[in-house]
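Step one of this worksheet: look at the structure below.
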Amino acid sequence: SMAAPAKTASGASAVPQGVSNEELVRWTFGRINAHDIEAIKPLWKNTVEHFPQGTRRGADAIADYFYEAINAMPADFQLEMIALSATGDDVFVRWEMTGTFNGSKFNGIAPTGGVIELGGIDHFVIRDGAIVSNDVQFDQMSFARQLGMLPEDNSLVDKALKSLFNVKTRAAGAIKR
């Protein structure tokens, strides 16, 4: 384990220097879980972050994504690291995000008060102690179901929607012929 990070003048944890890419990612997850997004911003100066909802470029845009998530789940937003693998510039993390969606809107969706449990994977590329890119993957249908935007899989409503979709697909096929 690494030594406690230095403190900046503002009291925030400074980005650790001269550590492995794995340690840098572990530190980043620690700052996210402490809701200390400002401390991470130097790592994101030139980062391109590909989220399922869209691409964010640079520290402010990426920080805004995390502020939105934390503000949506203010009491208990957490990203638990389940597994990590690092090879060269590549660091892969399997994670689980949890939180109670009782704060502000997230991705334009009003809070439902429900608990979110969402698994995902990040693929970081890190060079010279900075995050060059991160590709974030998670199951958007599971997320939408947990929010109540989509019906539960195999529920009556889900089966009805699939049936209607199939009717639409057959009708569109008949029109093309």
Side-chain angles (χ1 to χ4, degrees), residues 25 28-29 32-33 37 40-41 43-127 131-177:
V25 169
T28 301
F29 270 69
I32 290 169
N33 287 328
I37 302 307
I40 309 167
K41 285 175 80 171
L43 286 180
W44 289 330
K45 194 166 75 172
N46 298 307
T47 302
V48 177
E49 185 116 12
H50 302 283
F51 294 101
Q53 307 92 320
T55 298
R56 307 274 179 121
R57 297 175 190 279
D60 290 336
I62 296 166
D64 286 347
Y65 177 89
F66 284 100
Y67 286 133
E68 186 180 0
I70 290 166
N71 290 333
M73 298 169 257
D76 56 359
F77 173 84
Q78 290 288 291
L79 268 179
E80 180 187 356
M81 196 177 293
I82 307 294
L84 181 148
S85 179
T87 306
D89 293 343
D90 298 300
V91 180
F92 293 87
V93 177
R94 188 165 68 87
W95 48 261
E96 180 153 311
M97 182 195 79
T98 56
T100 307
F101 187 25
N102 61 0
S104 55
K105 284 184 179 179
F106 186 64
N107 286 320
I109 301 161
T112 62
V115 173
I116 303 298
E117 293 178 357
L118 184 66
I121 295 174
D122 283 14
H123 171 201
F124 294 91
V125 176
I126 300 174
R127 288 194 195 105
I131 299 171
V132 176
S133 65
N134 185 21
D135 288 294
V136 180
Q137 304 290 327
F138 62 81
D139 183 345
Q140 290 183 283
M141 285 188 66
S142 172
F143 187 55
R145 283 187 171 115
Q146 290 182 48
L147 293 174
M149 291 179 65
L150 288 177
E152 286 300 315
D153 197 25
N154 291 320
S155 66
L156 287 173
V157 173
D158 180 60
K159 289 175 183 174
L161 283 172
K162 288 174 183 171
S163 179
L164 286 171
F165 181 81
N166 291 337
V167 167
K168 177 197 105 34
T169 303
R170 282 192 301 274
I175 291 169
K176 286 179 186 171
R177 285 180 244 154

- [ ] Return each pair, listed once, that meets ring-ring contact (aromatic ring centres under 6.0 Å, His included) where at least one residue sits in residues 150-177; pairs must be two or more places apart or across chains.
- [x] none
Task: Separation between CZ of Arg145 and CG of Asp139, rounded to the nearest 0.5 Å - done: 8.0 Å
Open item on the list: I'd like to know whether Val136 forms a side chain to side chain contact (heavy atoms under 4.5 Å, CB included) with Trp95, so could you lay out the CA-CA distance, the side-chain angles of the two residues, the decisive distance to 0.1 Å, and finally the verdict.
Closed with: CA-CA 10 Å; Val136 180; Trp95 48 261; 4.0 Å; yes
Open item on the list: Tell me if the aromatic rings of Phe66 and Trp44 count as close, with their centers under 6.0 Å from one another.
Closed with: yes
Task: Sub-4.5 Å side-chain heavy-atom contact between Phe77 and Met97 - done: yes
Task: Shortest non-hydrogen contact between Gly119 and Phe138, atoms and distance - done: O-CB, 3.4 Å
Open item on the list: Return the CG to CG distance between Asn166 and Leu161, rounded to the nearest 0.5 Å.
Closed with: 11.0 Å
TODO: Would you mind reporting whether Ile126 and Ile131 have side-chain heavy atoms less than 4.5 Å apart?
DONE: yes
Task: Side chain to side chain, Val132 and Asp89, heavy atoms closer than 4.5 Å - done: no
TODO: Specify the closest pair of heavy atoms between Lys105 and Ala72, including all atoms of both residues, with the distance to one decimal.
DONE: O-CB, 4.2 Å
- [ ] For Arg56 and Ala61, indicate whether the former's side chain and the latter's backbone hold a donor-acceptor pair under 3.5 Å.
- [x] yes
TODO: Anything under 30° is parallel, anything over 60° is perpendicular, the rest tilted; go ahead and classify Phe143 against Phe106.
DONE: perpendicular
Task: Contact check, side chains of Glu49 and Thr55, non-hydrogen atoms, under 4.5 Å - done: no
Task: Flag for Ser104-Asn71: side-chain donor and acceptor within less than 3.5 Å - done: no
Open item on the list: Donor-acceptor pair, distance only, cut-off 3.5 Å: does the side chain of Ser155 make one with the backbone of Asp158?
Closed with: yes
TODO: Flag the pair Thr98 / Asp76 as yes when at least one side-chain heavy-atom distance between them is below 4.5 Å, and no otherwise.
DONE: no
Open item on the list: With rounding to the nearest 0.5 angstrom, report the CG to CG distance, Leu79 to Asp122.
Closed with: 7.5 Å
Open item on the list: Any heavy-atom pair between the side chains of Ile116 and Leu147 that's under 4.5 Å?
Closed with: yes
Task: Gln78 side chain to Asn33 backbone, donor-acceptor under 3.5 Å - done: yes
TODO: Can you see which heavy atom on Ala86 is nearest to which on Val91, and at what distance?
DONE: CB-CG2, 4.0 Å
Open item on the list: Take a 6.0 Å sphere around CG of Leu164 and say whether it holds more than 12 heavy atoms from other residues, nucleotides or ligands.
Closed with: yes
Task: Shortest non-hydrogen separation from Leu118 to Ser142 and the atoms involved - done: CD1-OG, 4.4 Å
TODO: Would you check, one step at a time, whether the test side chain to side chain contact (heavy atoms under 4.5 Å, CB included) holds for Lys159 with Asn154?
DONE: CA-CA 6 Å; Lys159 289 175 183 174; Asn154 291 320; 4.3 Å; yes
Task: Heavy-atom closest contact (Glu96 atom, Ile82 atom, distance) - done: N-CG1, 4.0 Å
TODO: Report the relative orientation of the aromatic rings in His123 and Phe92; use parallel for angles under 30°, tilted for 30 to 60°, perpendicular for over 60°.
DONE: parallel
TODO: Calculate, to the nearest 0.5 Å, the distance between atoms CD and CE belonging to Gln146 and Met141 respectively.
DONE: 12.5 Å
Open item on the list: Is there a side chain to side chain contact (heavy atoms under 4.5 Å, CB included) between Ile37 and Ile32? Walk through the geometry before answering.
Closed with: CA-CA 6 Å; Ile37 302 307; Ile32 290 169; 4.2 Å; yes
TODO: Look up atom CZ in Arg127 and atom OG in Ser133, then write down how far apart they are to the nearest 0.5 Å.
DONE: 7.5 Å
TODO: Please report the closest heavy-atom contact between Ile109 and Phe101, naming both atoms and the distance.
DONE: O-CZ, 3.2 Å
TODO: Flag the pair Lys41 / Asp60 as yes when at least one side-chain heavy-atom distance between them is below 4.5 Å, and no otherwise.
DONE: yes
Open item on the list: Would the distance check show the side chain of Thr112 and the main-chain N or O of Gly114 forming a donor-acceptor pair, the cut-off being under 3.5 Å?
Closed with: yes
Open item on the list: Please determine whether the number of non-hydrogen atoms from other residues, nucleotides or ligands lying under 6.0 Å from atom NZ of Lys162 exceeds 12.
Closed with: yes
